[in-house]
Amino acid sequence: MTLHRLLIHDSVGIAFPPELLVDELSDLDVPVETADDDTNFSQGDGVVTFGPAEGFLAADWVHCIRAGYDEFDVDAYELAGTTLTNSSGVHGTSVGEMVAGYMLSFARRLHVFRDAQADHEWHDLPYEEPFTLDGERLCVVGLGTLGRGIAERADALGMDVVGVRQSEEPVPEVREVYQSEDLHEAIADARFVALATPLTPETEGLFDTPEFEVMREDAYLVNVARGPIVDQSTLVDALETGAVSGAALDVFEEEPLPEESPLWGREEVIVTPHAAAQTRGYHRDIATLVRTNVEQVRNGGELVNRIV
Ligand code: NDP
Ligand code: 7N6
């Protein structure tokens with residue numbers, strides 16, 4: 001692969017101001033420029049982008065600033081001979097802290113107090129409502145960057161962490177690793193179930209009626225992965241019938257979450273706007289990945305996080 005210029009597509013503006021990344025990469029030995037959908041992409045181009053756009057297949061290399069690359073037509077990239085890389089590996093701390101926050105909020109009732117504060121209300125909790133995370137079981141489904149970031153923090157809070165993944169490889173903070181086919185056994189006794197898998201044909205609709213039936217009635221679902229991994233209307237039913245107690249959701253079948261969604265109005269649902277990975281250092285993490293891969297191109301080495 002040859003690299004004549006690096007183009008920062010304006011879609012990265014969804015995550016951070018594009019000029020921050022241009023600045024961060026300004027010392028590279030390749031011109032770094034901004035681009036939009038009207039740019040003529042061609043051989044020798046590397047493109048850094050949030051999502052896919054027409055024309056990218058003419059470039060040599062496309063780097064997605066997200067871990068999830070489910071919006072990209074991977075087969076088309078392979079056919080075109082365009083290298084695709086993603087940004088898995090940088091979200092363990094941000095998303096791990098976010099999930100710790102959701103769980104602490106549910107246990108310590110922070111969301112309830114904050115809601116009451118809006119009404120200047122000194123809110124007394126029923127005695128049986130608050131609990132502590134210490135000793136509670138968390139099942140993390142997906143034990144990659146996100147899953148491990150979540151597991152490490154839950155372990156530090158004294159939780160009993162189990163997990164689910166495709167391989168059998170152990171994770172230090174995870175007491176027991178289950179395989180995908182044993183999902184029900186893994187989630188059955190968990191007070192919290194956190195989803196951290198990519199969206200694939202296997203994970204789409206992974207959480208539907210049977211899973212909510214298996215989960216404890218006092219359990220909370222946390223989804224920081226992708227919306228379609230959970231059948232959202234079934235989740236709403238499960239919340240309404242009390243099959244599960246609550247949910248913290250960063251991702252949805254449709255984003256932004258439509259105003260009429262019943263999820264907005266439920267006390268035991270925390271809605272965050274696909275914000276679990278946000279941090280003001282994000283552009284620097286992406287710059288580090290891009291810089292590594294520019295060096296790999298120069299050295300004729302294998303690109304990191306290569307999808308195709
Ligand atoms: P990784 O590739 O590091 O990890 C993915 C994990 O999912 C792996 O442990 C893998 O298992 C596991 N997995 C894959 N398929 C299955 C399955 N069918 N059943 C159980 N486990 C499975 O990805 P990341 O942790 O970096 O990111 C995961 C996803 O989270 C992304 O694809 C993205 O969609 C989403 N995401 C959301 C963010 C947000 O802002 N809310 C931020 C970042 C990511 P194994 O290792 O054994 O193969
Ligand atoms: C943007 C993160 C991902 O897949 O959905 C997230 O990485 C986006 C800050």
Side-chain angles (χ1 to χ4, degrees), residues 11-18 20-21 48-52 63-72 74 84-99 101-102 139-152 161-171 173-174 177-187 193-208 211 222-230 248-253 255-257 270-287 289 304-307:
S11 65
V12 306
I14 295 168
F16 50 73
L20 289 181
L21 186 59
V48 181
T49 185
F50 186 85
H63 178 81
C64 170
I65 67 163
R66 315 175 79 180
Y69 56 90
D70 45 276
E71 290 177 359
F72 286 79
V74 172
L84 178 65
T85 52
N86 78 344
S87 297
S88 187
V90 305
H91 309 101
T93 301
S94 51
V95 178
E97 289 186 5
M98 196 79 159
V99 174
Y102 295 139
C139 177
V140 188
V141 183
L143 290 170
T145 300
L146 258 58
R148 290 195 306 271
I150 296 165
E152 282 166 21
V161 187
V162 300
V164 183
R165 71 184 308 174
Q166 289 175 307
S167 71
E168 292 181 13
E169 203 184 319
V171 175
E173 294 77 14
V174 178
V177 173
Y178 295 82
Q179 268 62 71
S180 318
E181 57 271 23
D182 299 321
L183 176 71
H184 285 191
E185 192 185 342
I187 63 176
V193 174
L195 306 184
T197 66
L199 175 61
T200 64
E202 292 75 39
T203 62
E204 185 166 359
L206 189 66
F207 272 67
D208 207 332
E211 288 65 42
V222 176
N223 189 4
V224 284
R226 283 291 183 265
I229 295 171
V230 177
L249 307 168
D250 190 50
V251 289
F252 302 88
E253 283 176 350
E255 296 178 12
L257 181 64
I270 298 176
V271 170
T272 53
H274 206 139
Q278 282 178 4
T279 155
R280 61 185 172 188
Y282 198 73
H283 66 288
R284 278 192 281 273
D285 292 337
I286 298 302
L289 272 173
V304 300
N305 282 5
R306 184 169 180 165
I307 311 302

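For the single chain, residues carry numbers from 1 onward in sequence order. We count ligands from 1, going down the list as the structure has it; atoms in each ligand are counted the same way.
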Indicate yes or no: does an N/O atom of Gly89 lie under 3.5 Å from an N/O atom of ligand 1?
->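 N/O-N/O distance under 3.5 Å: no.
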
Is any N or O atom of Arg165, backbone or side chain, closer than 3.5 Å to an N or O atom of ligand 1?
->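 Yes, since at least one N or O of Arg165 sits under 3.5 Å from an N or O of ligand 1.
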
Which atoms of ligand 2 are found less than 4.0 Å from any heavy atom of His91?
->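 Close to His91: 7 (O).
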
For His274, counting its heavy atoms only, list the atoms of ligand 2 lying under 4.0 Å from any of them.
->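 With His274 as reference, the close atoms of ligand 2 come out as 5 (O), 6 (C).
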
Is Glu71 paired with Arg66 through a side-chain N to carboxylate O contact shorter than 4.0 Å?
->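 A salt bridge links Arg66 with Glu71.
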
Given the side-chain rings of Phe50 and His63, with only the six-membered ring counted for Trp, is the space between their centroids under 6.0 Å?
->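 No, too far apart.
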
Which residue and heavy atom of the protein sit nearest [atom], plus the separation:
atom: atom 29 (C) of ligand 1; result: Thr197 O, 3.5 Å
atom: atom 4 (O) of ligand 1; result: Gly144 CA, 3.2 Å
atom: atom 3 (O) of ligand 1; result: Thr145 N, 3.0 Å
atom: atom 25 (O) of ligand 1; result: Leu146 N, 2.9 Å
atom: atom 28 (C) of ligand 1; result: Ala196 O, 3.6 Å
atom: atom 2 (C) of ligand 2; result: Tyr282 OH, 3.7 Å
atom: atom 7 (O) of ligand 2; result: Ala67 N, 2.7 Å
atom: atom 12 (C) of ligand 1; result: Gly142 CA, 3.8 Å

Contact check: Ala15 vs ligand 2, nitrogen or oxygen atoms, below 3.5 angstrom |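 No - when backbone and side-chain N and O of Ala15 are compared with those of ligand 2, no distance drops under 3.5 Å.
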
Polar-atom distance check: Phe50 versus ligand 2, any N or O pair below 3.5 Å?
->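 No.
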
Does Thr272 reach the main-chain N or O of Ala275 with its side chain, forming a donor-acceptor pair under 3.5 Å?
->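 No, Thr272 side chain to Ala275 backbone: no donor-acceptor pair under 3.5 Å.
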
Of the backbone atoms (N, CA, C, O) and the side-chain heavy atoms from C-beta on, which set of His283 has a member under 4.0 Å from an atom of ligand 2: side chain, backbone, both, or neither?
->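 No part of His283 is near ligand 2 at this cut-off.
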
Backbone, side chain, both or neither: what part of Gln278 comes under 4.0 angstrom of ligand 2, heavy atoms only?
->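 Under 4.0 Å from ligand 2, Gln278 contributes no heavy atoms.
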
Show which atoms of ligand 1 fall inside a sub-4.0 Å distance from at least one heavy-atom site of [X].
X: Ala225; result: 30 (O), 34 (O), 35 (C), 37 (C)
X: Leu143; result: 6 (C), 8 (C), 9 (O)
X: Asp250; result: 39 (C), 40 (O), 41 (N)
X: Val224; result: 36 (N), 37 (C), 38 (C), 39 (C), 41 (N)
X: Ser88; result: 1 (P), 3 (O), 23 (O), 24 (P), 26 (O)
X: His274; result: 39 (C), 40 (O), 41 (N)
X: Gly68; result: 31 (C), 32 (O), 33 (C), 34 (O)
X: Thr203; result: 17 (C), 18 (N)

Could you pull out, from [options], the option with a heavy atom nearest to [atom]?
atom: atom 42 (C) of ligand 1; options: Gly149, Ser180, Ala277, Gly163; result: Ala277
atom: atom 10 (C) of ligand 1; options: Arg148, Glu204, Gln166, His91; result: Gln166
atom: atom 5 (C) of ligand 1; options: Ser167, Pro198, Ala67, Ala186; result: Pro198

When rounded to the nearest 0.5 angstrom, what is the spacing between CD in Glu173 and CG in Leu143?
->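 Going from the CD atom of Glu173 to the CG atom of Leu143 covers 10.5 Å.
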
Check whether any heavy atom of Thr200 sits under 4.0 Å from an atom of ligand 1.
->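 The answer is no, since Thr200 has no heavy atom less than 4.0 Å from ligand 1.
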
